Structures are given as structure tokens and as C-alpha cells.
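See structure below.
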There are 2 protein chains.
Amino acid sequence: MLYNALMELTNPLIQIKKGALEFCVLALIARGESYGYEIVKVLDEEGLTTPEGTVYPLLARLQKEALVTSSWRQMGEGNPRKYYQITRKGEAALALFREHWKEFVNTVDLILEGGTQNDG
Amino acid sequence: MLYNALMELTNPLIQIKKGALEFCVLALIARGESYGYEIVKVLDEEGLTTPEGTVYPLLARLQKEALVTSSWRQMGEGNPRKYYQITRKGEAALALFREHWKEFVNTVDLILEGGTQNDG
DNA sequence: GCATAATGCATTGCTATGCAAGGTAAATTT
DNA sequence: AAATTTACCTTGCATAGCAATGCATTATGC
């Protein structure tokens, strides 16, 4: 059997448990195209401090999964930047994640609270 | 420097990103002592399906970190069970996590919503 | 009586993630 | 000229999740 690859697509919880950060970055790109160095800073401002050594490989992964595209661009005089744009597939994946995220938070909340009489 | 060990204690976000499940299991034990096989089932019922191959090593980790203690016990005629009890340290860690969890969910929610006009 | 499932524990080996550390190059500041 | 900032990236390590597998005991089914 081909667990690894299939499970990734089948069980959203695996994605959630592993890749909350992945979709946070995707969500940032969804706001409008952005580049690695900026994303690192915005994540920090938003309270989700993450080093470059995590973000850059993550961006490469997103692109490999075709959730984003990228294009080098030279803005003014600074260093060239690799801008990332979200794709249709990326938007779909993000939308799906938002739903799974809500469910996941709900589930964890219930477990954390003790869930004695808490229903629905 | 001793990054690994220290960072684990210093930066709660690392724990959260990696170990949401860890604290879910701890929370289940906090409800009342439990054992691996039961925890696997309860996690499934609660919507957080997780295989034994994940749970048993996790329990060993919790004990190694002194967040739980364990004691073998024979209930009736069945197989002996390794019951886990939460410790003071475990309760403290759980309480801390509950706070970090709220913050984390808040942060992720803001990033996911895009912060355009949606204010909770 | 014998096979299958369920209960209950655990480990091995693989894949992937997070990340500190380090490296490159250009522009800006001091 | 040196240091900082902007901007990219890779290497190597520790660890998490988990399928697969194994062991032992107790039902359940035939």
C-alpha cells in the first residue's frame, strides 16, 4: 500500500497536526503576493515567530505542491525578491484547511476542557 | 550552546506547533487515570484518531518528562494495564498549555482570516 | 478444538518537520 | 571600510507521526 502519499490526502488531521504553519504562510500569501524575507517578518509581527531556516524550505514545499507560484522581481534598487503568488489549488487547499482548522480547534478545546457535559 | 533542550522550555510555540497531541493526551489523563489502549480509543471517539504507534511512545515521553507517573494494574481477568496518572508538574504544564493554546488559536485565526474586516 | 478477533503492551524504520548554523550577495548605514 | 540590513538558500541534527510488526492474554465463533 501507498500509505504515505495517500494518507496525506485522506486524513486532514495529519496535515493539521503537522502543517499549521504551512497554511499560515499560505494565508499570508493569499492576502497578496509576498516574498520569504517579508513573510518571516510578518509572521513575527503576527506572533508566530519563525526563522528563515523554516520558512524558505516551507515555501519551496508549497511551490512543489503547486499551491503557490513564484517570480523573481527587482523592486527599485534592493535585492531581487522571489515573490510568491497563491494558485487556484492553493486557494482551494486554504479554504479546506480553514474548515478543518475550526473542527480541529473545536476537538482540542473539548479535550482540553474535559468535555464532561459539553455537547455541540 | 544547548539549544535543543533549552528552546523546548523557552519557546512555548515550538511545543504547540509540535505537540498539540501531547497535551491532548495529558488532558485525557488529567480527567482521571487511564492507559494507552483506552486513550487510543477515547482519542478516536473525540475525533482525534491516533494510532498506537504514536500514542505509546508519546506516553513514554510524558513519563520521561515527569508529567505523568504509571503503575501496572490488573483489573479483573483482562491483560494487565499500565495506568498513567498526572503529576503536579503535569497539571502545571497542562494549565500553561491551555493559555498558550488560546493565544495560538487566536494568532492562527487572525492570520487565516486575513484580518481584512473580520474581527471576532 | 482451532481460528479469529479483541485487548493490551511495545519497538523498528521510514518520512518529514522545525530549526540553528552557516553561507552568498547586494544595498544601506555608520 | 566595517557593520547592518535586505534577500536568498542549504546542511545537518533532533524529533514527531506512524505503518508495520511483534508478543501475550482473553474472548468469540465455528
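Small disclaimer: the values here were computed from a predicted structure and weren't measured. Proteins come first, then strands; the chains are lettered A, B, ... in the order of their sequence lines, and each starts at number 1.
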Rounded off to whole Å, could you give me the [atom1]-to-[atom2] distance for the [X] and [N] pair?
| X | N | atom1 | atom2 | answer |
| --- | --- | --- | --- | --- |
| E22(A) | dG17(D) | CD | P | 16 Å |
| L59(B) | dC18(D) | CG | P | 14 Å |
| R81(A) | dA7(D) | CZ | P | 4 Å |
| L43(A) | dC19(C) | CG | P | 11 Å |
| D44(A) | dT6(D) | CG | C1' | 16 Å |
| N79(B) | dT25(D) | CG | C1' | 4 Å |
| R61(B) | dC18(D) | CZ | P | 11 Å |
| W72(A) | dA7(D) | CH2 | P | 11 Å |

Identify which nucleotide among [options] has an atom closest to any side-chain atom of [X], counting heavy atoms from C-beta outward.
| X | options | answer |
| --- | --- | --- |
| P51(B) | dC9(C), dG18(C), dA19(D) | dA19(D) |
| Y37(A) | dG17(D), dC8(D), dT7(C) | dC8(D) |
| Y56(B) | dT11(C), dC9(D), dT7(C) | dT11(C) |
| K82(A) | dT6(D), dC9(D), dT25(D) | dC9(D) |
| T54(B) | dA10(C), dA25(C), dC18(D) | dC18(D) |
| L58(A) | dA7(D), dG18(C), dT28(C) | dG18(C) |
| Y84(B) | dA7(D), dA10(C), dC19(C) | dA10(C) |

Task: More than 12 heavy atoms of other groups within 6.0 Å of Q74(A) CD - done: yes
Open item on the list: Can a donor-acceptor pair be found, under 3.5 Å and without considering hydrogens, that links the side chain of T107(B) to the backbone of L48(A)?
Closed with: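 Not at all, since once roles are kept as given, no pair shorter than 3.5 Å links the two residues.
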Open item on the list: Whether the side chain of S70(B) engages the backbone of Y83(B) through a donor-acceptor N/O pair (distance < 3.5 Å, no angle test) should be reported.
Closed with: no
Open item on the list: Check this one for me: any side-chain N or O of Y35(A) less than 4.0 Å away from OP1 or OP2 of dC8(D)?
Closed with: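 No.
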- [ ] Give a yes/no on whether any side-chain N or O of K41(B) is located under 4.0 angstrom from OP1 or OP2 of dA6(C).
- [x]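 The answer is no; no side-chain N or O of K41(B) sits under 4.0 Å from OP1 or OP2.
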Open item on the list: Ignoring hydrogens, what is the shortest heavy-atom contact between G90(A) and L26(A)? Give both atom names and the distance.
Closed with: O-CD2, 3.6 Å
TODO: Kindly say whether, by distance alone, the side chain of E52(B) makes a donor-acceptor pair under 3.5 Å with the base of dC9(C)?
DONE: yes
Task: Most 5' of A60(A) and P80(A) on DNA chain D, judged by nearest nucleotide - done: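 Mapping each residue to its closest nucleotide by heavy atoms, the 5'-most match is P80(A).
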Task: Student check: side-chain heavy atoms of Y35(A) and L59(A) closer than 4.5 Å - done: no
